[in-house]
Student: 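Can you read through this structure? Questions will come right after.
Worth knowing before you read on, the calculation uses all heavy atoms, side chains too, and leaves out hydrogens, waters and symmetry mates.
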Amino acid sequence: MSLKPPSPRPVAQELRTLRDLLRYAVSCFNAAGLVYGHGTATARDEAAFMVLEGLHLPIDELEPYLDARLTAQEREHLAELIEARVATRKPAPYLLKRAYVGGVPFRVDERVIVPRSYIGELLRGELFGGETSALIGDPRRFRRVLDLCTGSGCLAVLAALAFPEAEVDAVDLSAAALEVARVNVEEHGLAGRIRLLEGDLFAPVAEERYDLILSNPPYVDAEAMASLPPEYRHEPALALAGGADGLDIVRRILAELPAHLAPGGGLLCEIGRGRERLEAEFSHLPFLWLDTEGSEGEVFWLAPHNQLMD
């Protein structure tokens, strides 16, 4: 049974500290049976993100502020955010217009899915980062990067930060999503290195070739789409739905990859839970599955120039 939180104004008068608002938020979220997965995994983490971001505090520094007394205006603002999270079931990043990937901030709204790709963690890790990475050797050899289905532009931005000598093309079918991506590219000062292109997968880049191709494409299968929790239904279906088995877009990417991957280059792609189906269908390709802190067998690295050309 869901419980509607009290009106925010009386609540704001009773609660005094950040700790008070955090506890109240957790209680409201648990009572309402909210669903997470847009940057947080629990009611407590969701509440912490909302109160810290709502007060413009560092989102990874809760303890120093727990017993800080809040102004009446701050208390009312947080109480309104908490009420909106329960009443609308919108993911917290939509309410706050902000999401983070590995501590890097991005503007978000309902024109894009909330950034949460595991690829973001991989780009910042030892497999791809550093002077000599564990998987690709010298990252400086990546001079051209393509981000397919860029959405908010978060992976394009993270790639530009990871490979400072690379030029990045970022493609999306949605003109509305590219408006959000443009804001993020400009806020990170990368307009000179990231080119935003509207179109269907490789269509806008013609015969161009890339050292690295990234993609977090739509990969939710039809059965899962039909039973999405309310939080996920606020996100654009275009960015989620991957066909009957979730692999429609991935198949198209693999089919067109030979024409766009430079010799020695590779594809880093997130596919969700479709590993078994993909390996069975493309058994000739040497997928290397890369695990992250929150995933196992959901992201592959493919650098098979010779196999793709067979």
Side-chain angles (χ1 to χ4, degrees), residues 1-103 105-110 112-118 120-121 152 154 220 224-237 239-240 293-295:
M1 176 179 174
S2 296
L3 298 178
K4 186 178 185 298
S7 173
R9 189 173 294 277
V11 166
Q13 293 172 354
E14 295 178 25
L15 305 176
R16 289 288 181 267
T17 66
L18 190 148
R19 187 188 300 272
D20 291 339
L21 268 297
L22 179 71
R23 195 282 309 157
Y24 172 71
V26 173
S27 295
C28 289
F29 297 168
N30 284 336
L34 301 187
V35 173
Y36 310 102
H38 294 91
T40 64
T42 67
R44 195 262 189 190
D45 289 346
E46 184 94 337
F49 169 70
M50 291 187 70
V51 298
L52 290 170
E53 182 65 26
L55 294 174
H56 306 289
L57 295 172
I59 62 166
D60 57 352
E61 295 183 18
L62 178 62
E63 294 298 325
Y65 305 104
L66 274 174
D67 294 311
R69 291 173 63 88
L70 306 179
T71 68
Q73 185 177 12
E74 288 174 331
R75 297 196 305 269
E76 188 168 333
H77 174 57
L78 292 181
E80 288 173 350
L81 283 173
I82 294 164
E83 182 189 39
R85 178 67 179 90
V86 172
T88 68
R89 297 292 293 269
K90 287 185 179 182
Y94 283 161
L95 296 173
L96 291 153
K97 307 302 181 187
R98 180 70 70 184
Y100 293 81
V101 180
F106 295 97
R107 295 283 189 93
V108 295
D109 59 36
E110 287 87 340
V112 297
I113 62 171
V114 176
R116 53 186 178 272
S117 174
Y118 299 123
E121 178 184 332
S152 64
C154 63
V220 181
M225 284 295 296
S227 58
L228 286 176
E231 281 82 353
Y232 290 85
R233 292 186 180 278
H234 285 286
E235 297 185 292
L240 295 174
E293 185 176 338
S295 73

Student: I'd like to know if Arg116 and Glu235 make a salt bridge, using a cut-off of under 4.0 Å between side-chain N and carboxylate O.
Tutor: yes
Student: Ignoring hydrogens and angles, state whether a donor on the side chain of Thr71 or Arg75 is under 3.5 Å from an acceptor on the partner side chain.
Tutor: no
Student: Measure across Leu52 and Ile59 and return the closest heavy-atom pair with its distance rounded to 0.1 Å.
Tutor: CD1-O, 3.5 Å
Student: Can you tell if the side chain of Lys90 reaches within under 4.5 Å of the side chain of Glu231, non-hydrogen atoms only?
Tutor: no
Student: Tell me, which pairs form a side-chain hydrogen bond (donor to acceptor under 3.5 Å, both in side chains) where one or both residues lie in residues 54-69, sequence neighbours left out?
Tutor: Arg19-Asp67
Student: Which heavy-atom pair separates Cys154 from Phe106 by the least distance, and what is that distance?
Tutor: CA-CE2, 3.5 Å
Student: Can you tell me if Glu121 uses its side chain to pair, donor with acceptor, with the backbone of Gly102 under 3.5 Å?
Tutor: no
Student: Side-chain contact, heavy-atom cut-off 4.5 Å: Arg98 with Pro93?
Tutor: no
Student: When you look at Glu80 and Glu76, which way does the side chain to side chain contact (heavy atoms under 4.5 Å, CB included) test go after all the steps?
Tutor: CA-CA 6 Å; Glu80 288 173 350; Glu76 188 168 333; 3.6 Å; yes
Student: Any side-chain heavy-atom pair from Leu228 and Leu240 closer than 4.5 angstrom?
Tutor: yes
Student: Nearest heavy-atom pair of Val101 and Gly120: which atoms, and what distance?
Tutor: CG1-CA, 4.1 Å
Student: Can you tell me how far CG of Leu57 sits from CG of Leu62, rounded to the nearest 0.5 angstrom?
Tutor: 9.5 Å
Student: Does a side-chain heavy-atom distance below 4.5 Å link Val35 with Arg89?
Tutor: yes
Student: Identify the two heavy atoms, one from Leu21 and one from Ala79, that lie closest to each other, and give their separation to 0.1 Å.
Tutor: CD1-N, 4.2 Å
Student: Quick one: OG1 on Thr17 to CG on Asp20, what's the gap to the nearest 0.5 Å?
Tutor: 3.5 Å
Student: Met50 and Leu96: side chain to side chain contact (heavy atoms under 4.5 Å, CB included), yes or no, with the steps?
Tutor: CA-CA 8 Å; Met50 291 187 70; Leu96 291 153; 4.1 Å; yes
Student: Apply side chain to side chain contact (heavy atoms under 4.5 Å, CB included) to residues Leu95 and Thr88 and explain how you reach the verdict.
Tutor: CA-CA 10 Å; Leu95 296 173; Thr88 68; 4.3 Å; yes
Student: Applying ring pair (Phe, Tyr, Trp, His ring centres under 6.0 Å), can you list everything that pairs with Tyr232, at least two apart in sequence or on another chain?
Tutor: His38
Student: Quiz question: by atom type and distance under 3.5 Å, do the side chains of Glu14 and Tyr24 form a donor-acceptor pair?
Tutor: no
Student: Considering only NZ, NE, NH1 and NH2 on the basic side and carboxylate oxygens on the acidic side, decide whether Glu110 and Lys97 come within less than 4.0 Å.
Tutor: yes
Student: Where do Leu78 and Val51 come nearest, in terms of heavy atoms and distance?
Tutor: CD2-CA, 3.8 Å
Student: Counting only pairs under 3.5 Å, give me each side-chain donor-acceptor contact of residues 40-48, with atom names and distances, residues two or more places apart or in other chains.
Tutor:
unit_1	atom_1	unit_2	atom_2	d
Thr40	OG1	Glu46	OE1	2.4
Thr42	OG1	Asp45	N	3.1
Thr42	OG1	Asp45	OD2	3.4
Glu46	OE2	Arg85	NE	2.7
Glu46	OE2	Arg85	NH2	3.2

Student: Work out which heavy atom in Tyr118 is nearest to a heavy atom in Gly294; give both atom names and the distance.
Tutor: OH-O, 3.3 Å
Student: According to the interplanar angle, ranging from 0 to 90°, do the rings of Tyr36 and Phe29 count as parallel (below 30°), tilted (30 to 60°) or perpendicular (above 60°)?
Tutor: tilted
